[in-house]
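Right, one structure below, let's go through it.
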Amino acid sequence: MSANLVLLVTIGVLTACGVYLLLERVVSKMLLGILLLSNAVNLLILTMGGPDGEPPILGSSDTSPDGMADPLAQAMVLTSIVITMGVAAFVLALAYRAYMLTTTEDVSKDPEDAQVAAGREREDPEL
């Protein structure tokens, strides 16, 4: 089995762009990064599913599995698409709620996160 080089390069580019967008501090860019990563994973699953062009299920006359596509990969991609759309709707709801509360889409640094990163303890002993 030989993999399609164009698809592998496309998967690499989508993954790199998705990771870059996930590291941004704006929620809409994070959402686009999640969508790009999920599309890269879907392409990877389909690429690893086997050769294309033949139906996944053949009739009773031909039992040779050599040219068949793997139906499990197709089912996993369909499930992944549904899960990705659910995650996208959830992130959009979070972004809308954050925008309504703070009137900005930028995720600011939390002072407690900075203290944890610096290795200091909390200043409030009651928490």
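In this text, all values refer to a predicted model and were calculated from it rather than measured experimentally.
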Exercise for the section: Report the residues that fulfil side chain to side chain contact (heavy atoms under 4.5 Å, CB included) with Val6, sequence neighbours left out, ordered by chain and then residue number. Expected result: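 Residues passing side chain to side chain contact (heavy atoms under 4.5 Å, CB included) with Val6: Asn4, Thr10.
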Report all side-chain donor-acceptor pairs from residues 89-102 shorter than 3.5 Å, counting only partners two or more places apart or in another chain.
from, atom 1, to, atom 2, distance (Å)
Thr102, OG1, Ala98, O, 2.7
Thr102, OG1, Thr104, O, 3.2

Out of curiosity, [X] [atom1] to [Y] [atom2], how far, rounded to the nearest 0.5 Å?
X     : Y     : atom1 : atom2 : result
Ile11 : Leu44 : CD1   : CG    : 5.0 Å
Ile81 : Leu78 : CD1   : CG    : 5.5 Å
Met76 : Ile83 : CE    : CD1   : 9.5 Å

I'd like a table of donor-acceptor pairs (distance under 3.5 Å, sequence neighbours excluded) in which one partner is a side-chain atom from residues 27-42, with atom names and distances.
from, atom 1, to, atom 2, distance (Å)
Ser28, OG, Glu105, OE2, 3.0
Ser38, OG, Ile34, O, 3.4
Ser38, OG, Leu35, O, 2.8
Asn39, ND2, Leu35, O, 3.3
Asn42, OD1, Ser80, OG, 2.8
Asn42, ND2, Ser38, O, 3.4

